[in-house]
Every structure is written in C-alpha cells, then in structure tokens.
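Chain identifiers are assigned alphabetically (A, B, ...) following the order of the sequence lines, protein sequences preceding nucleic acid strands; residue numbering begins at 1 within each chain.
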There are 2 protein chains.
Amino acid sequence: MGRWEPNARGRLEEAAMNLFQERGYDRTTVEEIAARAGLTERTFFRYFADKKEVLFGGAGELRRLITSTITDAPEETSPLEAVAAALDATAPVFKERRDYARARQGLIVAHAELRERELIKLADLASAAADALRGRGVTEPAASLTAEAGIAVFKVAFERWVEDPKSQDLSQHLRSTLDELRAVTASTGTANPPQPVKRAKAPRR
Amino acid sequence: MGRWEPNARGRLEEAAMNLFQERGYDRTTVEEIAARAGLTERTFFRYFADKKEVLFGGAGELRRLITSTITDAPEETSPLEAVAAALDATAPVFKERRDYARARQGLIVAHAELRERELIKLADLASAAADALRGRGVTEPAASLTAEAGIAVFKVAFERWVEDPKSQDLSQHLRSTLDELRAVTASTGTANPPQPVKRAKAPRR
DNA sequence: GAAGGTGATGGCAGCAACTGACATCAAGGG
DNA sequence: CCCTTGATGTCAGTTGCTGCCATCACCTTC
C-alpha cells in the first residue's frame with residue numbers, strides 16, 4: 001500500500017496533537033507536523049484539507065453513528081427522543097478518550113479558528129440528524145428544528161461534561177440537559193400572539 | 001479624520017460585496033478589494049481581521065440589540081420569551097436590507113469558510129443572550145440552553161425567510177418556528193410528567 | 001504661521017498556509 | 001521481468017496575513 005510505515009494518517013494526527021500541546025497550535029507549522037510523522041508537508045495536505053482538520057478526524061464516525069441510530073429507532077419513537085438516543089449513542093466514543101477529548105477541547109476553546117471548525121462539524125451533525133428524521137417521515141420545519149435543538153443540548157451537555165471535575169457520565173449530562181430544555185420550552189408558552197415587546201431605549205453598552 | 005475620502009470601512013465593504021458577486025468569493029483577492037475602494041491591502045487588514053470578516057460588519061449591532069432587549073424585558077417575562085423578543089427585535093435590521101441579506105446568504109452557503117464564520121457569529125449571539133439572561137437571574141444550565149435554543153430557532157427561521165419566495169416577514173417565521181420548537185419538545189418526555197399534547201400545528205410549509 | 005502631535009494610510013519584507021504539476025518510489029499482477 | 005497503480009516527494013507559485021517604519025493630512029499650540 002504505502003511507501004513506508006503504515007497508518008500515515010494516524011501518525012499525522014498524533015504528531016499534530018503532540019506538537020500542539022508542546023508549542024501551541026499557531027506556533028506549530030504543518031511542515032513540522034509532517035516532519036515528526038516522517039512525511040512531507042505536501043502529503044499532510046493530501047490527508048487533511050487544512051491544518052485544522054487534523055483535529056477533527058472522528059467527525060465521520062459520529063455522523064454515521066447519529067444517522068444510523070435515528071434511522072434504526074423504533075417507529076413509535078418521537079423525533080426528539082430519536083435524536084436524544086443518537087446523541088447518547090456517541091457518549092461511549094468520548095468516554096473512552098476522555099483525556100484526549102479534554103486536551104482537544106482545551107485547544108479548541110483557545111483558538112477561534114478551531115471553534116469555527118467545531119461549530120461547522122456540529123452543524124453537519126445536525127444536518128445529518130435532520131436528514132435521518134426526514135427519512136422517518138418527519139416533515140421539514142420539525143426535522144431541522146429537532147436536530148438543531150438536539151445539537152444545542154449536546155453543546156451544553158458536552159461543555160459541562162468537559163468541565164465536570166468529577167467524572168459524571170456524558171450520558172447523564174445529556175439526559176439532564178434535555179430535561180432542562182423541556183422545562184425551559186414548556187413554561188408559559190403562548191402558542192399564539194406574542195405581543196410586540198416594547199423596547200426601552202437605545203443600547204447603552 | 002481620515003486622509004482622503006471618508007468612510008473607508010463602508011467603501012471596503014461595498015467594494016468587497018460587489019467583487020464577490022462579480023467574480024466569486026475565492027477569485028477575489030484582498031488587494032483587488034482594497035484597490036476598488038481606493039485603498040491598499042494593508043489598510044484593509046486594519047479594518048477587518050481577515051478577508052471573511054468584511055461580510056460580517058453588522059454583528060456587533062445585532063449583539064447589542066439582543067443584549068439590550070433581553071436586559072430591558074419586563075421582569076415577569078420568561079427566559080425563552082425574552083430571547084424570542086430579542087430575536088424579533090433584530091427582524092427590522094434584515095427587513096430593510098432584504099436584498100443585501102439574500103445576496104450575502106448566497107455567498108455564505110456556497111463557501112464553507114464563510115459558513116464557519118457565520119456559525120461563530122451566531123454562537124457569539126447565543127453567548128451574549130446567555131449573559132443577558134444571567135443578568136436577569138437565570139441560573140446556568142437554563143441560561144445557556146435557552147440562548148442556544150433561541151439561536152436554533154433563529155437559524156431555522158432565517159433560512160426559511162431567505163428561501164421564502166413571497167416576502168413573509170421574518171418575525172412571522174420566528175414566531176411559527178418558536179411554536180414548532182415548543183411542539184417538538186413538549187411531547188412524550190422522560191423525567192417530566194408528560195402532559196397530553198394537543199397543539200395546533202404551525203404553518204405547514 | 002511655524003512647530004509639533006496624532007491618527008490614518010502606504011510601502012515593503014517576510015512567513016506560513018495551501019495548490020498544481022510533475023517526478024519518483026514501492027508493491028503487486030501478469 | 002515489465003508494467004500498472006497508488007502513495008509520496010519536489011518545486012514553484014499564489015494568497016492571506018503581520019510587523020515595522022515612513023509618510024501624509026489634519027489639528028493643536030504657542
């Protein structure tokens with residue numbers, strides 16, 4: 001297959017992660033990553049579309065997990081429950097690599113460019129979930145909304161999980177956050193006329 | 001103030017938008033933008049952190065609008081309602097520039113880098129909304145979740161508004177989408193006492 | 001009204017991310 | 001043993017972006 005050692009992609013990912021932690025993300029050059037992996041810069045860009053992408057290798061796996069979980073859910077499962085089950089299905093992936101996930105998240109929150117990439121990956125997961133819901137017959141406004149709401153739950157729950165000093169399970173965070181979403185949306189809902197809110201004055205920031 | 005013509009920032013934004021539509025985003029160079037605005041590349045980067053940012057000049061205004069609307073909402077207003085009012089407060093901003101908003105959105109959906117930027121701007125709005133909610137005494141899991149859910153509503157509603165051939169108001173889209181969110185989250189819960197859900201459907205489309 | 005300060009702009013050099021075109025090498029098949 | 005194939009290397013070039021310093025317009029101040 002390859003020319004030299006196998007698993008070039010994995011070597012690049014590992015070299016990148018190590019270098020990012022040693023010198024920081026932006027003081028690490030792609031050439032250095034490639035060199036540590038025993039490859040060249042050009043080869044790096046054959047495996048990853050750009051420098052950021054080397055930190056998001058698992059996105060495809062998550063997408064498949066979510067899609068299949070929603071698709072395979074029992075027919076009577078409600079859309080939101082199906083999405084919740086899909087998010088829960090991803091929990092083990094993170095549980096096994098909690099340290100890696102933490103280190104990675106530390107990098108992401110510290111670099112706006114990486115946060116952007118993370119957000120588009122999450123949006124992609126939402127899109128995949130919406131597709132899967134439509135495959136179950138959920139009609140359009142509801143499908144996208146349920147998927148987006150699910151991702152919102154995931155974002156909040158994941159953040160709390162990473163910050164959680166005691167290793168409470170991600171699944172538990174997901175469940176309680178979902179309950180919180182239900183509570184927050186269930187309250188004084190007027191399905192009909194949301195009266196125009198009178199704003200006081202110009203933003204005095 | 002300036003050296004020559006005033007409003008360098010505005011000239012750069014306009015030149016950029018025009019060039020993006022003429023040649024496309026990635027076949028337009030920053031040097032060309034600056035030249036059309038009668039400036040140099042170096043000056044462009046004094047006004048905008050990077051090439052993408054020239055399309056997101058209004059973000060600060062939106063942020064202030066959302067923050068002040070939530071802060072100034074009557075005390076008895078529920079968190080979700082306050083967020084909904086804040087989103088609604090942004091509608092006029094888009095209404096006045098519907099054509100610009102459409103053209104801009106066309107560029108954004110066509111370029112992943114711009115979608116990333118848009119997502120982080122939305123996340124920033126969510127963060128601002130969460131801050132404002134906390135300022136009203138909303139405790140933490142709820143504040144972030146309500147803000148994120150609100151942004152999810154905004155994303156879906158805005159998308160539908162842009163695609164809407166007949167110019168239905170963004171406010172209307174926001175309202176119906178919020179109702180849809182309530183409907184979708186209200187159904188068969190887990191920990192919560194699931195109340196029998198009888199809900200009129202939001203406008204089906 | 002001449003001197004000096006200030007803020008915006010230009011000019012230039014340079015780095016690093018990324019790309020296209022082409023050469024080269026390892027491995028397997030016929 | 002040659003030839004195909006896929007992964008890798010090499011090289012040149014573009015572009016986004018930054019640091020540093022000079023320059024210019026405008027304003028203040030004496």
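- For Glu13(A), there are no side-chain hydrogen bond (donor to acceptor under 3.5 Å, both in side chains) partners, not counting sequence neighbours.
- Applying the ring pair (Phe, Tyr, Trp, His ring centres under 6.0 Å) rule to pairs touching residues 15-39 of chain A yields Phe20(A)-Tyr25(A), Tyr25(A)-His111(A), sequence neighbours excluded.
- With sequence neighbours left out, the side-chain contact (heavy atoms from CB on, under 4.5 Å) criterion links Tyr47(B) to Ala8(B), Arg9(B), Leu12(B), Thr43(B).
- Residue pairs satisfying the side-chain hydrogen bond (donor to acceptor under 3.5 Å, both in side chains) criterion with at least one member in residues 54-69 of chain A, sequence neighbours excluded, are listed as follows: Arg63(A)-Asp124(A).
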Let me have the donor-acceptor pairs involving side chains of residues 83-94 of chain A, under 3.5 Å, with sequence neighbours excluded, atom names and distances please.
from     : atom 1 : to        : atom 2 : distance (Å)
Asp88(A) : OD1    : Ser171(A) : OG     : 2.9
Thr90(A) : OG1    : Leu87(A)  : O      : 2.6

Collect all protein-nucleotide pairs involving nucleotides 15-19 of chain D in which both atoms are nitrogen or oxygen and the distance is under 3.5 Å.
from    : atom 1 : to       : atom 2 : distance (Å)
dG16(D) : OP1    : Lys51(B) : NZ     : 3.2
dG16(D) : OP2    : Thr29(B) : OG1    : 3.0
dG16(D) : OP2    : Val30(B) : N      : 3.4
dC17(D) : OP2    : Lys51(B) : N      : 2.6
dG19(D) : N7     : Arg42(B) : NH2    : 2.8
dG19(D) : O6     : Arg42(B) : NE     : 2.6

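- Scanning for side-chain contact (heavy atoms from CB on, under 4.5 Å) contacts around Gln21(A) gives Met17(A), Ala103(A), with sequence neighbours left out.
- For Arg115(B), the side-chain contact (heavy atoms from CB on, under 4.5 Å) test picks out Ile120(A), Ala123(A), Ile108(B), with sequence neighbours left out.
- Summary of helix geometry: the two end axes of the helix from dG1(C)-dC30(D) to dG30(C)-dC1(D), each defined by five base pairs via their C1' atoms, are inclined to each other by 0° (rounded to 10°).
- Legend: ring pair (Phe, Tyr, Trp, His ring centres under 6.0 Å) pairs involving residues 122-144 of chain B, not counting sequence neighbours: none detected.
- Within residues 103-123 of chain A, no residue has a heavy atom under 4.0 Å from DNA chain C.
- With sequence neighbours left out, the side-chain contact (heavy atoms from CB on, under 4.5 Å) criterion links Asp50(A) to Lys52(A), Glu53(A), Arg117(A).
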